[in-house]
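The basis for the numbers below is simple: all heavy atoms, side chains too, and nothing from hydrogens, waters or symmetry mates.
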Number of protein chains: 2
Amino acid sequence: MSRTKARTALLQELEAAMRRSSAQGVLYGQTVANVAGIANSDLECMDILYLEGRVTAGRLAEVTGLTTGAITGVIDRLEKAGLVRRERDEKDRRKVFIAVVPEAAMKIGQFYVPMQQAMEKVFGAYSDEELRLLLRFANEGYKGVLAATEALKSLLDTPPEKRPDLKLKKLR
Amino acid sequence: MSRTKARTALLQELEAAMRRSSAQGVLYGQTVANVAGIANSDLECMDILYLEGRVTAGRLAEVTGLTTGAITGVIDRLEKAGLVRRERDEKDRRKVFIAVVPEAAMKIGQFYVPMQQAMEKVFGAYSDEELRLLLRFANEGYKGVLAATEALKSLLDTPPEKRPDLKLKKLR
DNA sequence: CTAAATCTCTTAGTGACTAAGATATATGTC
DNA sequence: GACATATATCTTAGTCACTAAGAGATTTAG
């Protein structure tokens, strides 16, 4: 029992630590947007473009959870700033692909240097094997959060009175 | 050289994986705010109140990076929703402490259940020792991100022409 | 060839945000 | 103790990104 108790405490501490660091990560992003002089959502879209490459406007709406109308605004601003280009799909002319302009986007990349340096320092203290564990966790964590997001969204479509009444383990 | 190369690749993969999962974490938060019917910043403040306990309005502004005026709005909305209470400090009557109303805040806590369940499942696959490694990393990562945020902010105060010209290791 | 579906953009209206300053209280100096 | 300065929150006016609804353009299905 003292075994499980220790683990419970550990899990709780872990949850708090992850929330703290993830909250700080959000703040870092806000600061980058601020320094770069672009809106938060604009930066988020740049991030998606970096991770996914050339994507359609609709895909951006899907991933960010914004309406297509809002995305039009995002792209307008990013295009005006010279950070991305609209490219009509020749196969299906309804679609608009968004592509980053590499040279301009590098200016934004600069603002991630402090973060990269900090992370390099942190990672430096870990062995290859430990890093592999962290990688495994990051990937599994991603899948978990993705699934949780879907579960929560489906809750949105369920009328409140017939929701499966989530049980709280404890006061969050 | 092949050793270092493997590590470089590992670090790169790790960075991408962490960005992905942290981006998805942001989306989870947005979805919670949506389902709960409150603004994003309002939820962020609830989170801070959970992590730090009873704090002043000014502290909320400091931590979120919002102006005090914006925080007034946040608190107004949260108070109207019955989620927090304003409590004037009797020692220093200029200050206003914000305290969560536990019963009402639990309704928000519900929306974190899918996330908790997902994380429980993920964590379940790790030994106590591995979890301790993750905890160590989360704590060090937090400190790193915090420091990086400060470094970036100080960059904001430096006029662009005399910035120490950050060198990019590679296109982000 | 027409109807329905899909993708992006447009428009009008809303709400959270900032900047600047007002208000209230506290602290330091003489 | 009175006055100036500092600190903490709130108010106001104006701005900007967002949503909802629907229009326009193109593709797909019958």
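Across residues 59-81 of chain B, B:Thr68, B:Gly69, B:Thr72 each have a non-hydrogen atom less than 4.0 Å from an atom of DNA chain D (numbered order). DNA chain D lies under 4.0 Å from at least one heavy atom of each of the following residues of residues 87-96 of chain B: B:Arg94, B:Lys95, B:Val96.
With sequence neighbours left out, B:Glu90 forms a salt bridge (charged side-chain N to carboxylate O under 4.0 Å, His left out) with B:Arg93. Listed by chain and number, the residues in a side-chain contact (heavy atoms from CB on, under 4.5 Å) with A:Asp89 are A:Lys91, A:Asp92, A:Lys95, A:Phe97 (sequence neighbours excluded). Residues satisfying the side-chain contact (heavy atoms from CB on, under 4.5 Å) test with A:Ala81, not counting sequence neighbours, are A:Leu83. Looking at residues two or more places apart in sequence or on another chain, you find no side-chain contact (heavy atoms from CB on, under 4.5 Å) involving A:Ser22. Checked against side-chain contact (heavy atoms from CB on, under 4.5 Å), B:Glu129 has the following partners two or more places apart in sequence or in another chain: B:Ser127, B:Arg132. Under the side-chain hydrogen bond (donor to acceptor under 3.5 Å, both in side chains) criterion, A:Glu150 pairs with no residue, sequence neighbours left out.
Each side chain to side chain donor-acceptor pair (under 3.5 Å) pair with one or both residues in residues 67-83 of chain A, not counting sequence neighbours, appears once here: A:Asp42-A:Arg77, A:Asp76-A:Arg86, A:Glu79-A:Arg86. Identified under the salt bridge (Lys or Arg N to Asp or Glu O under 4.0 Å) test for residues 55-67 of chain A, with sequence neighbours left out: A:Glu52-A:Arg59, A:Arg59-A:Glu62.
With a heavy-atom cut-off of 4.0 Å to chain A, the contacted part of DNA chain D has its first and last nucleotide at D:dA17 to D:dT27.
If you chain together hydrophobic residues whose side chains sit under 4.5 Å apart, A:Leu43 and B:Met18 fall into the same group.
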Under 3.5 Å, which donor-acceptor pairs do the side chains of residues 137-146 of chain A form with other protein atoms, sequence neighbours left out?
{"unit_1": "A:Asn139", "atom_1": "ND2", "unit_2": "A:Leu135", "atom_2": "O", "d": "3.4"}
{"unit_1": "A:Glu140", "atom_1": "OE1", "unit_2": "B:Tyr126", "atom_2": "OH", "d": "2.8"}

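Atom P of nucleotide C:dG15 and atom CG of B:Asp42 are separated by 13 Å, given to the nearest angstrom.
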